[in-house]
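Side chains included, hydrogens not; waters and symmetry mates left out as well; all remaining heavy atoms used.
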Amino acid sequence: MGRLDGKVAIVTGAGRGIGQGIARKFLQEGARVVIADKVTDRVEASARELSALGNVVPVPGDVTDENVCQSLVDTAVARFGRLDICVNNAGIVRPTSFLDHSRKDWDDSIAVMLTAVFLLSQRAARAMVKQGKGGVILSTASANGHVAERNCAAYNAAKAGVVLLTQSIAIELADQGIRAVAVSPGYVGPTELMIDGGGSPDFFKDMAAHVPMGRIGRIEEIANLFAFLASDEASFISGASYLIDGAQLSEQR
Ligand SMILES: NC(=O)c1ccc[n+]([C@@H]2O[C@H](COP(=O)([O-])OP(=O)(O)OC[C@H]3O[C@@H](n4cnc5c(N)ncnc54)[C@H](O)[C@@H]3O)[C@@H](O)[C@H]2O)c1
């Protein structure tokens with residue numbers, strides 16, 4: 001028996017990396033899953049790979065588009081009859097110094113990692129309210145949503161926004177039985193996001209040196225936390241933001 005048996009989930013940014021890991025874990029725990037990614041080939045390949053584990057439907061599209069967000073919710077309801085869990089996970093990183101941060105990098109970062117979280121969470125929550133059986137809205141924030149990292153102004157600001165947006169959803173929808181929780185990983189991977197962020201063997205060694213546990217996190221470790229938070233075992237957890245960072249932010253540097 002899986003801890004998500006009978007539940008239906010959406011996971012964004014699930015073409016690879018942490019999102020694919022979350023979708024994999026949800027399927028292993030018995031959920032049926034709609035996966036989204038802006039790269040069509042990537043989300044289709046991811047669905048083919050995951051289909052051995054259970055029912056998974058790929059939806060290509062950019063989550064900054066509210067029509068794409070609505071179609072994710074509609075697909076979950078049309079294919080699986082309901083929606084119980086929504087995971088906002090898609091993200092990008094454009095490392096640039098504050099003085100050189102372009103308007104485009106700022107706009108793109110806020111659009112994917114904050115506005116899209118609002119758009120999809122709202123549409124998912126409306127469907128959950130209509131169903132009348134509650135639900136869970138989970139979002140991938142970041143350690144950067146709690147303490148700023150250099151050269152990541154827009155990323156830091158978007159992730160901090162997710163932490164407070166999560167609280168806002170939690171307090172406004174508690175009476176509908178809808179929980180909202182953010183997960184704030186430290187360095188995880190290596191994933192392509194980190195490679196886009198300047199990843200080289202030295203970069204990854206450097207990242208690990210910032211973590212008291214002496215290593216970066218594994219995708220499975222993040223996915224395990226998502227599965228717990230999505231399950232009924234976490235029934236009194238809402239509004240929180242969980243650091244999962246090998247004690248990285250516990251140490252003053
Ligand atoms: N890897 C880390 O160290 C780390 C740490 C903390 C937080 N995070 C967060 O975890 C999440 C996943 O990161 P990852 O490391 O797996 O990255 P990744 O680059 O491997 O995967 C992100 C996926 O999101 C998709 N995506 C990006 N913009 C999109 C959009 N507009 N619409 C739909 N899909 C879109 C990409 O195509 C990609 O497949 C992000 O929100 C990231 O900020 C990552």
Side-chain angles (χ1 to χ4, degrees), residues 11-13 17-19 21-22 25 87-98 101 105-106 109-110 112-114 116-117 121 136-171 179-230 233-234 236-253:
V11 182
T12 72
I18 294 171
I22 296 167
K25 180 67 180 170
V87 179
N88 298 290
N89 169 79
I92 57 172
V93 64
R94 304 258 177 88
T96 330
S97 72
F98 179 72
H101 234 56
D105 284 348
W106 174 268
S109 301
I110 300 296
V112 184
M113 292 180 292
L114 188 54
V117 178
S121 299
V136 192
I137 295 174
L138 303 176
S139 301
T140 313
S142 169
N144 294 40
H146 302 262
V147 174
E149 182 172 355
R150 278 171 193 271
N151 301 324
C152 292
Y155 186 90
N156 298 337
K159 295 301 191 181
V162 167
V163 170
L164 265 288
L165 177 57
T166 297
Q167 292 185 0
S168 308
I169 297 168
I171 60 175
R179 298 185 292 111
V181 189
V183 171
S184 294
Y187 305 116
V188 180
T191 67
E192 300 298 322
L193 183 95
M194 289 179 79
I195 291 159
D196 293 349
S200 64
D202 276 356
F203 172 82
F204 291 114
K205 239 195 275 158
D206 219 41
M207 296 296 102
H210 283 82
V211 183
M213 285 180 70
R215 64 173 177 87
I216 63 174
R218 291 188 290 271
I219 288 173
E220 299 76 34
E221 292 172 313
I222 310 304
N224 288 342
L225 177 56
F226 271 93
F228 165 69
L229 292 171
E233 291 168 57
F236 197 52
I237 298 177
S238 194
S241 179
Y242 279 85
L243 272 176
I244 172 163
D245 70 346
Q248 184 193 328
L249 292 198
S250 300
E251 183 166 13
Q252 199 175 63
R253 293 210 176 233

Say you draw a straight line from [atom1] of [X] to [atom2] of [Y]; how long is it, rounded to the nearest 0.5 Å?
X      : Y      : atom1 : atom2 : answer
Arg179 : Ile169 : CZ    : CD1   : 13.0 Å
Ser142 : Glu149 : OG    : CD    : 7.5 Å
Ile216 : Asp206 : CD1   : CG    : 11.5 Å
Leu229 : Ile137 : CG    : CD1   : 13.5 Å
Phe226 : Ile22  : CZ    : CD1   : 4.0 Å
Ile244 : Ile222 : CD1   : CD1   : 4.0 Å

For [X] and [Y], indicate whether the former's side chain and the latter's backbone hold a donor-acceptor pair under 3.5 Å.
X      : Y      : answer
Asp105 : His101 : no
Lys159 : Ala148 : no
Thr96  : Arg94  : yes
Ser238 : Ala170 : no

Looking only at heavy atoms, which two atoms of [X] and [Y] are closest? And how far apart?
X      : Y      : answer
Ser121 : Val117 : OG-O, 2.5 Å
Ala141 : Pro185 : O-CD, 3.7 Å
Met113 : Ala158 : CB-CB, 3.8 Å
Val163 : Ser184 : CG2-OG, 4.5 Å
Ser139 : Asn88  : OG-ND2, 3.2 Å
Asn89  : Ile18  : OD1-CG2, 3.7 Å

Applying salt bridge (charged side-chain N to carboxylate O under 4.0 Å, His left out) as the test, list every pair that has at least one member in residues 211-222; sequence neighbours left out.
Arg215-Glu221, Arg218-Glu221

Can Leu165 and Leu114 be said to form a side-chain contact (heavy atoms from CB on, under 4.5 Å), step by step?
CA-CA 8 Å; Leu165 177 57; Leu114 188 54; 4.3 Å; yes

Evaluate side-chain contact (heavy atoms from CB on, under 4.5 Å) for Val181 paired with Leu138, printing each intermediate quantity in order.
CA-CA 5 Å; Val181 189; Leu138 303 176; 3.7 Å; yes

